[in-house]
*Asks:* 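I'd like to ask you about the structure that follows.
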Amino acid sequence: MTVAQALSKYKMYQGVIVEDSSNIGEKEYSGKGSFGQYLEEVFFGITNNSESKPDFIDAGLELKTAPLKELKNGELAVKERIVLGIINFDSIIEETFEKSHFLEKNLHILLVFYVYDKLAALENIQVNLVDIWNCVEQDETQIKKDWETIVGKIRRGKAHEISEGDTLYLGACTKGATRATSQVPQPFSDILAHRRAFSFKIQYVRYIYQSLMEKRQASVKRKKIADTIRITQNRTESIDQIIKEAFCRHKGKDAFTICKDLGLPYNPKAKHFYAQIVKRILGADANQRLYEFEAAGIQIKTVRIEVNGKNKESMSFKHMRYTEIVEQDWEDSDFYVDLTSKFLFIVFRRNPQNEGYFLDDVIFWNMPAEDLEEARKVWIDTQQKIQAGNYNSFVKIKDDRIVHVRPHARNAADKIITPQKTMELKRSFWLNRDYILNIVENKSYLT
DNA sequence: GCATGATCATGC
DNA sequence: GCATGATCATGC
């Protein structure tokens, strides 16, 4: 579907005049935001401006384009976060969420999801979905909480310690070409901080895309959408407090007993075993979905502690694609997205009396900014080695750098293509064993 | 058939 | 006992 077809089909842009595409070719659009600029100017007749007012003042709509990428199986998936506008450290400290510049600009967003293709001419770009998203109508509590978390750090003179992992839906992503040239002053500290912009985190954008697609399909097919429950509904506590309370009721029980008490089959090898337990403990049925987990992309990970007080295993993430990583920026990489998610660690401890493990702790965690910075360095090191065709000297666990690189394949024959057109064993980034133990032993949310 | 979370096996 | 390489189990 071309842009013109998509826009006229969805008719989601009341009050906005859509011109036809006859005035293409007058101007060159290039760079990252080129498709957005092209849409604004060619279709909506708005000249490109950096004025921070809504793009469609009459309609009260902000236009945002969001690239999709095609997966191997042909499905489309969200490619990156949606950036919502720069954070002014000096003026934001005077704002309240309700009267914030952020809300004024981003209350109603016209989203144009398109299929990313860096070689395609702009007028041939395929538009997949056009719809409006109102983040406050959908997620007021969490968006407000995220906004306040970010502003809170600025007010405490900690703007330099802001991390995307601090928040669930709304993130503060870095802005600027390089780290060195993007440092700006902050009001309550002499330390320079990276310039930042509000954004919808990629996990949240994935969720937005999924819900809008489901809404569209439901209206076509009248298919019933699976029941979704919000654990924060009618509650004032935060997500982690609610989780903690729910889990406290099962502390000390072994996994088998927990399953029995919850009416779940005991199948610890199943891929979603622990996710299922979490779901049930939080009061959802098997066919119900947990809104906050899906919208925030919370990663549920289990950690088993042995009798000697140590965990045996490091923690793997999805295997990297050598041809992708050499072209990516750190903040668009899969590993960055994983590490800036919230983690829910479920800690089981070996029972000295029998062979089993009992539930000891649940920990809601996100990686601190300084550790994320260390992970970035390892990622860069890995990227450079792949670029150089050096596949045998990646950072090892012994190097003690929080994360390391290790094989992650089905067997020795499970290889993928490299930028050098050779085949290499699949490898992943791993969180070091002792780093995980440290998280688990230093932060206890139960008891 | 492959991704993903999890775990095993071996040698130093 | 641990690092490292290797592989399993399951679901989609």
Side-chain angles (χ1 to χ4, degrees), chain A residues 69-78 203 206 210 214 226 255 259 264-279 286-287 289 293-294 297-325 333-335 337-339 341-350 355-357 359 362-363 365 378 381-382 385 390-417 423-440:
Chain A
K69 62 179 176 186
E70 200 167 330
L71 301 177
K72 255 184 156 180
N73 61 14
E75 278 175 35
L76 292 171
V78 168
Q203 298 95 334
R206 284 182 185 142
Q210 192 193 327
E214 281 176 8
C259 283
L264 279 174
Y266 178 70
N267 182 15
K269 304 236 158 166
K271 228 171 132 178
H272 295 123
F273 179 64
Y274 293 101
Q276 273 171 2
I277 289 186
V278 170
K279 212 171 172 181
N287 58 357
R289 292 154 57 174
F293 277 69
E294 294 200 10
I298 295 170
Q299 306 219 23
I300 301 169
K301 301 273 189 183
T302 52
V303 181
R304 298 182 317 171
I305 309 289
E306 300 303 319
V307 177
N308 68 3
K310 291 186 174 179
N311 54 330
K312 276 191 191 162
E313 308 295 345
S314 298
M315 193 169 282
S316 67
F317 292 87
K318 47 180 151 301
H319 75 80
M320 60 180 105
R321 297 183 189 284
Y322 303 118
T323 51
E324 264 178 28
I325 199 171
S333 68
D334 289 344
F335 192 41
V337 170
D338 281 338
L339 292 185
S341 304
K342 287 282 176 182
F343 287 80
L344 181 66
F345 291 114
I346 303 179
V347 184
F348 282 92
R349 207 171 275 273
R350 174 80 83 176
E355 291 303 289
Y357 294 85
L359 175 66
V362 277
I363 294 163
W365 177 83
V378 175
D381 175 81
T382 307
K385 283 171 180 160
N390 175 0
Y391 293 89
N392 53 24
S393 63
F394 293 121
V395 170
K396 294 183 179 303
I397 194 170
K398 217 174 42 181
D399 296 329
D400 205 17
R401 297 184 61 183
I402 297 172
V403 304
H404 66 281
V405 175
R406 225 162 90 187
H408 191 180
R410 227 145 23 99
N411 54 46
D414 193 14
K415 298 179 173 182
I416 49 165
I417 190 96
M423 298 301 281
E424 268 293 328
L425 189 64
K426 286 177 184 166
R427 291 184 181 82
S428 290
F429 289 100
W430 297 66
L431 277 185
N432 292 1
R433 200 171 61 92
D434 47 357
Y435 181 68
I436 294 165
L437 187 65
N438 197 33
I439 296 165
V440 165

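Since this is a predicted model, take the numbers as computed values, not measurements. First the proteins, then the strands, lettered A, B, ... as listed; each starts at 1.
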*Asks:* Cation-pi between A:Lys301 and A:Phe317: NZ/CZ under 6.0 Å from ring centre and within 45° of the ring axis?
*Replies:*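 Checked: cation-pi criterion met.
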*Asks:* Looking at C:dC2, B:dG5, C:dT10, which one has an atom nearest to any side-chain atom of A:Lys310?
*Replies:*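 Nearest listed nucleotide: C:dC2.
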*Asks:* Measure the distance from CZ on A:Phe429 to P on B:dG5 and round it to the nearest whole Å.
*Replies:* 15 Å
*Asks:* Whole angstroms only, please: what is the CD1-C1' distance between A:Ile300 and B:dG5?
*Replies:* 12 Å
*Asks:* Using the side-chain heavy atoms of A:His408, tell me which of these nucleotides is nearest: B:dG5, B:dA3, C:dG11.
*Replies:* B:dG5
*Asks:* Just compare C:dG11, C:dA6, B:dG5 and give me whichever is closest to any side-chain atom of A:Lys301.
*Replies:*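 Comparing C:dG11, C:dA6, B:dG5 against the side chain of A:Lys301, the answer is B:dG5.
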*Asks:* More than 12 heavy atoms of other residues, nucleotides or ligands under 6.0 Å from NZ of A:Lys69: is that the case?
*Replies:* yes
*Asks:* Of the nucleotides C:dA9, C:dT4, C:dT7, which has the atom closest to the A:Ile397 side chain?
*Replies:* C:dT4
*Asks:* Looking at the side chain of A:Ala270, which of C:dT4, B:dA6, C:dG11 is the nearest nucleotide?
*Replies:*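 So the nucleotide nearest the side chain must be C:dG11.
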*Asks:* Can you measure A:Tyr274 atom OH to B:dT7 atom P for me and round it to whole angstrom units?
*Replies:* 6 Å
*Asks:* Determine: side-chain N/O of A:Arg410 to OP1/OP2 of B:dG1, distance under 4.0 Å, yes or no.
*Replies:* no
*Asks:* Using atom NZ of A:Lys312 as one end and atom P of B:dA6 as the other, report the distance to the nearest whole Å.
*Replies:* 15 Å
*Asks:* Which label fits A:Tyr391 and A:Phe394: parallel for a plane angle under 30°, tilted from 30 to 60°, or perpendicular past 60°?
*Replies:*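 It falls in the perpendicular class, over 60°.
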*Asks:* Would you say a side-chain N or O of A:His319 is under 4.0 Å from OP1 or OP2 of B:dA3?
*Replies:*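 The answer is yes; a side-chain N or O of A:His319 sits under 4.0 Å from OP1 or OP2.
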*Asks:* Can you tell which of C:dA6, C:dG11, B:dA3 lies closest to the side chain of A:Lys426?
*Replies:*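 Given the options C:dA6, C:dG11, B:dA3, the side chain of A:Lys426 is closest to B:dA3.
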*Asks:* Could you tell me whether A:Glu214 and A:Arg289 have a side-chain N and a carboxylate O separated by less than 4.0 Å?
*Replies:* yes
*Asks:* Which heavy-atom pair separates A:Ile397 from A:Arg433 by the least distance, and what is that distance?
*Replies:*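 Residues A:Ile397 and A:Arg433, closest heavy atoms: CD1-N, 4.0 Å.
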*Asks:* Would you say B:dT4 has OP1 or OP2 under 4.0 Å from some side-chain N or O of A:Ser428?
*Replies:* no
*Asks:* Would you please confirm or rule out a distance under 4.0 Å between OP1 or OP2 of C:dT4 and any side-chain N or O of A:Lys398?
*Replies:*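 Yes, within the criterion.
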*Asks:* For A:Glu313 and C:dC2, give me the distance from atom CD to atom P, rounded to whole Å.
*Replies:* 12 Å
*Asks:* Let's see if you can work this out: which of B:dT4, C:dG11, C:dT4 has an atom nearest to the side-chain heavy atoms of A:Lys396?
*Replies:* C:dT4
*Asks:* Atom NZ of A:Lys415 and atom C1' of C:dT7: how far apart are they, to the nearest Å?
*Replies:* 15 Å
*Asks:* Rounding to a whole Å, what distance do you find between A:Leu344:CG and B:dG5:C1'?
*Replies:* 15 Å
*Asks:* A:Arg406 or A:Lys318: which one's nearest nucleotide on DNA chain B is closer to the 5' end?
*Replies:*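 It is A:Lys318 whose nearest nucleotide is closer to the 5' end.
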*Asks:* Quick one: on DNA chain C, does A:Lys269 or A:Arg433 contact a more 5' nucleotide (nearest heavy atom)?
*Replies:*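 Closest to the 5' end, via its nearest nucleotide, is A:Arg433.
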*Asks:* When you measure from the side chain of A:Asp434 to the backbone of A:Ile436, do you find a donor-acceptor pair of N or O atoms at a distance under 3.5 Å?
*Replies:*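 Not at all, since once roles are kept as given, no pair shorter than 3.5 Å links the two residues.
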*Asks:* Closer to the 5' end of DNA chain C via nearest nucleotide, is it A:Ser314 or A:Asn267?
*Replies:*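 Final value for this comparison: A:Ser314.
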*Asks:* How many whole angstroms separate atom CG of A:Asp400 from atom C1' of C:dC2?
*Replies:*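 Value for this atom pair: 13 Å.
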*Asks:* When you get a sec, tell me which of C:dT7, C:dT10, B:dT7 is the closest nucleotide to the side chain of A:Arg304?
*Replies:*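 Of C:dT7, C:dT10, B:dT7, B:dT7 is nearest to the side chain of A:Arg304.
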